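For reference, the structure discussed in these notes is given below.
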Amino acid sequence: MRLSVTAGLLSLALSALPLVAAEPRPVLHVTGQVADGAQAFDISELRALPATTLETSTVVTDGTHRFTGVLLRDLLTRLDADGDMVTAIALNDYAVDIPVSDFDKFDVILAYSMNGEALDRADKGPLWIIYPRDAHAELQDIRYDYRWVWQLSEIEVR
């Protein structure tokens, strides 16, 4: 009886505490030549942008997968970015330069989901640069494979 009374009092006390909503954490920082200066996006802000879905295979997964995310050209246009190169930087500090012309030539997306499931840090997320590899023979080249940055955290526009 004492245990249930104690548990009931604890439950009552906890319910009286104000709930504090955690601030959304940025998952992407865009720096460099951006009209309004550096920008940060949380996942809900990225999901609120117009989405594109593409199906393609990757060199690091089996089979074909359905990826959903934001077209990188649209994101850069939205930010009034002015550069011809971006450096994509991952959480583990992997960095690669990608010509902005890739985003104009191909429907490259900043994916936040694969097969309808949110990408998480344990599996290439929360963001992964995805090229429409199966739609273009020229993308099946190792030079492009290096540009598939998973666990993307920053894009620097130059």
Side-chain angles (χ1 to χ4, degrees), residues 19-158:
L19 293 177
V20 178
E23 284 291 317
R25 286 191 181 156
V27 294
L28 178 67
H29 297 273
V30 183
T31 62
Q33 294 176 240
V34 182
D36 292 331
Q39 302 286 314
F41 296 87
D42 64 39
I43 198 70
S44 63
E45 291 171 318
L46 291 172
R47 285 179 173 273
L49 298 174
T52 297
T53 298
L54 64 88
E55 290 189 24
T56 194
S57 61
T58 82
V59 296
V60 295
T61 60
D62 292 328
T64 299
H65 300 281
R66 190 179 71 257
F67 295 95
T68 302
V70 178
L71 284 167
L72 275 161
R73 69 173 162 256
D74 290 351
L75 180 64
L76 294 179
T77 298
R78 174 186 168 90
L79 297 174
D80 199 17
D82 183 27
D84 58 3
M85 187 72 67
V86 301
T87 301
I89 304 165
L91 292 171
N92 67 357
D93 294 326
Y94 173 79
V96 66
D97 291 334
I98 302 173
V100 171
S101 60
D102 278 12
F103 308 147
D104 294 327
K105 188 174 183 180
F106 308 109
D107 288 339
V108 180
I109 65 171
L110 180 58
Y112 45 72
S113 74
M114 181 173 76
N115 301 324
E117 299 290 325
L119 291 167
D120 64 18
R121 286 181 74 160
D123 191 27
K124 313 221 179 347
L127 302 172
W128 189 2
I129 294 177
I130 301 293
Y131 279 74
R133 187 174 200 273
D134 294 349
H136 303 274
E138 68 187 283
L139 293 178
Q140 298 179 29
D141 180 304
I142 196 165
R143 290 175 295 165
Y144 290 99
D145 294 341
Y146 290 122
R147 299 174 188 174
W148 289 59
V149 179
W150 58 75
Q151 292 185 329
L152 180 74
S153 62
E154 182 179 345
I155 296 173
E156 179 188 2
V157 181
R158 303 184 283 110

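Because only heavy atoms are used, hydrogens play no part in the values below, and waters and symmetry mates are left out as well, while side chains stay in. Not measured: the values here are computed from a predicted model.
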If we ignore hydrogens and angles and just use 3.5 Å, is the side chain of S153 paired with the main-chain N or O of H29 as donor and acceptor?
no

Nearest atoms (heavy-atom pairs only) where P26 meets A40
CB-CB, 3.9 Å

Please say whether more than 12 non-hydrogen atoms of neighbouring residues, nucleotides or ligands are located less than 6.0 Å from CG in D120.
yes

Identify the two heavy atoms, one from A51 and one from T68, that lie closest to each other, and give their separation to 0.1 Å.
CB-CG2, 4.0 Å

Can you check whether A38's main-chain N or O pairs, donor with acceptor, with T31's side chain at less than 3.5 Å?
no

Is a side-chain donor or acceptor of R73 paired with a backbone partner of F106 at a separation under 3.5 angstrom?
yes

Please give me the minimum heavy-atom distance between P132 and L139, naming the atom from each residue.
O-CD1, 3.5 Å

Residue E138 excluded, over 12 heavy atoms near CD under 6.0 Å:
yes

Hey, does the Lys NZ or Arg CZ of R147 hover above the aromatic six-ring of Y144, less than 6.0 Å from the centre and inside 45° of the axis?
yes

Are there over 12 heavy-atom neighbours, none belonging to D62, within less than 6.0 Å of that residue's CG?
no

What closest approach, in Å, do Y131 and L54 show between heavy atoms, and which atom pair accounts for it?
O-CD1, 4.3 Å

Taking all heavy atoms of T56 and all of D134, pick out the closest pair and write down the distance.
OG1-N, 3.0 Å

Quick check on side-chain contact (heavy atoms from CB on, under 4.5 Å): which of I109, I98, I129, D104 does L72 satisfy it with?
I129

Backbone N/O of E55 and side chain of T64: donor-acceptor pair under 3.5 Å:
no

Within the distance-only criterion (no hydrogens, no angle test), does the side chain of E45 pair as donor or acceptor with the backbone N or O of D42 below 3.5 angstrom?
yes

Testing the basics here: between A88 and L152, what is the closest heavy-atom pair and its distance to 0.1 Å?
CB-CD1, 3.7 Å

Go through the steps for L119 and Y112 under the test side-chain contact (heavy atoms from CB on, under 4.5 Å), then give the verdict.
CA-CA 6 Å; L119 291 167; Y112 45 72; 5.6 Å; no

Return the set of residues passing side-chain hydrogen bond (donor to acceptor under 3.5 Å, both in side chains) with D141 (not counting sequence neighbours), or none when no residue passes.
R143

Without hydrogens or angle criteria, can the side chains of R158 and T87 be said to hold a donor-acceptor pair below 3.5 Å?
yes

Please check if the number of heavy atoms outside Y94 that lie under 6.0 Å from its OH is greater than 12.
yes

